[in-house]
Amino acid sequence: MVLAALKLGYRHLDTAYGYGNEEAVGRAIRDSGVPREEIFLTTKLTGKHHGTVKEGFEISMKALNAEYIDLYLMHWPQASHPDTGKSIPYGESPTFVETWKSMEKLLSDKRCRAIGVSNFSVKLLTELAAECSTIPAANQVESHPYLPQTSLHEYCKEKGIVLTAYSPLGQPKPSNPSPVLAEPVAKQLAEKYKTPVGTILLSWLIQRGWTTVPKSANPERLKQNMDLVKLSSDDFNTLSEVHKQRGKLMHLCIGQEDIMEKGVISGWSLEDMGWEKMD
Ligand code: A2P
C-alpha cells in the first residue's frame, strides 16, 4: 500500500520502529522510483531505546535502508525497560529530557534532518523547553473533531512546532466503527460539500494548519483521502465546536475507557502526562 500511495502522489510517509514496517516502507520508497528528495520520511524512537538513542536510530536506518530521514520522533515520552518492556515511571532515568538531549546529538549526523516528539502535552513540552535548547520540529498527537487539542494547538503555533494528527478518522475498525465518522455535523457537511465524511475530517485538520497521516489499505479510500475541500469559516467553526457537546470529547485511538477509568497511560498518570480528565 505504501508503493500504491507513492504512485498516487502521497509524499509524506510516517513509520516507526514500533510498527515493525520500516523495512517495507524503505523498500517501497526504493521500488517507487520517486526521487528521495520528493519524499518526507518520518520514523520514531521506541521506548526501549530511550537509554540508547544512537543504537535505536541505527536500527531504524538499517531497516529503512534510506540515505537519511527527514524527521525522527520520540514516539512516547515514556521510556520502557529494554528487557522487560515495563514502563519507567515518570521522573526516573532515562527521563524524556535525557532522551531528548541524546536525540539532539543526532542532528550533527546528516542522516537525521530534524527531531521531534509525539504524544507530548503542553505540560511536557514546557518541561522540555526549560531544560533543552532544541525546540521540537513537530509533535504528533491524536486529533479529530472529538479531540481538537486546543491548548496544545495554541502553544505549538506560538512556538513554531508543526502539529501532525494521527487517527484523524478516529481509527475505525470493522468491529469498532469510529464515532467521529458518524458525527452528525460531519455527515451534514459531507452532504453539503458532496464528499465523503473522511474528506470533511481531513479537510478540517488541514484548514487548522495541521498535517495529518491518514492510512488506508483500500485503494479507493487511499485515493479519496488525497482530495480536500475548503470549508466555509462557519462550517469550519461548527465542526470545531462539536467536542463541547457533553460526552463527545474523547480519545478514540488508545481506548477512552481504559485511559479514563484507570487514569494511567503506560504507567504514567494523566497528571504526569498533562492530559485532561474527560467525562
Ligand atoms: P481501510 O484500510 O479499510 O480503508 P486512522 O487514520 O484514524 O487511524 O484510521 C485508519 C483506518 O481508517 C484504516 O483502518 C482505514 O481502513 C480507515 N479509513 C481510511 N480512510 C477512510 C475513509 N476515508 N473513510 C472511512 N474509513 C477510512
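It should be emphasised that the depicted structure is a prediction, and the values quoted were computed from it without experimental measurement. As the structure lists them, so they are numbered: ligands from 1, and atoms in each ligand from 1. Hydrogens, waters and symmetry mates are skipped; everything else that's a heavy atom, side chains included, is used.
Each of the atoms 1 (P), 2 (O), 4 (O), 19 (C) of ligand 1 lies under 4.0 Å from some heavy atom of Ser216. Of all atoms in ligand 1, listed by their number and element, those nearer than 4.0 Å to a heavy atom of Ala217 are 1 (P), 2 (O). When each atom of ligand 1 is checked for a heavy atom of Asn218 under 4.0 Å away, the hits are 2 (O), 4 (O). Every atom of ligand 1 with a heavy atom of Pro168 under 4.0 Å away is listed here by number and element: 6 (O), 7 (O). In summary, the atoms of ligand 1 found under 4.0 Å from a heavy atom of Ser167, numbered by their order in the structure, are 5 (P), 7 (O), 8 (O). Annotation for ligand 1: atoms under 4.0 Å from non-hydrogen atoms of Pro172 are 9 (O), 11 (C), 12 (O), 14 (O), 17 (C), 26 (N).
In the model, Glu22 has a side-chain atom that pairs as donor or acceptor with a side-chain atom of Ser60 under 3.5 Å. If you check the side chains of Thr15 and Asn21, you find a donor sitting under 3.5 Å from an acceptor. Side-chain atoms of Tyr193 and Asp235 include a donor-acceptor pair closer than 3.5 Å. Checked by atom type, the side-chain pair Gln78/Ser87 shows no donor-acceptor distance below 3.5 Å. Side-chain contact, Tyr166 with Asn119: a donor N or O sits under 3.5 Å from an acceptor N or O.
Nearest protein neighbour of atom 23 (N) of ligand 1, counting heavy atoms only, is Asn225 OD1, 2.9 Å. Closest to atom 18 (N) of ligand 1, if we only count protein heavy atoms, is Leu169 CD1, 3.8 Å.
Looking at Leu181 next to ligand 1, no N or O pair under 3.5 Å apart turns up. For the pair Gly170 and ligand 1, the shortest N or O to N or O distance falls below 3.5 Å.
When the heavy-atom distances from atom 10 (C) of ligand 1 to Lys215, Glu142, Gln224 are ranked, the shortest goes to Lys215. Proximity annotation for atom 3 (O) of ligand 1: of Arg221, Lys173, Gln171, Met1, Arg221 comes nearest, heavy atoms only.
For Lys123, the NZ atom counts as densely surrounded, since its 6.0 Å shell holds more than 12 non-hydrogen atoms of other residues, nucleotides or ligands.
Using cut-offs of 30° and 60° for the angle between ring planes, the Phe96 and Trp268 rings count as tilted. Below 30°, between 30° and 60°, or above 60°: for Trp275 and His251 the angle between ring planes is below 30°, a parallel geometry.
With a 4.0 Å cut-off on non-hydrogen atoms, His144 does not touch ligand 1 at all.
To the nearest 0.5 Å, atoms NZ (Lys215) and CG (Leu13) are separated by 13.5 Å.
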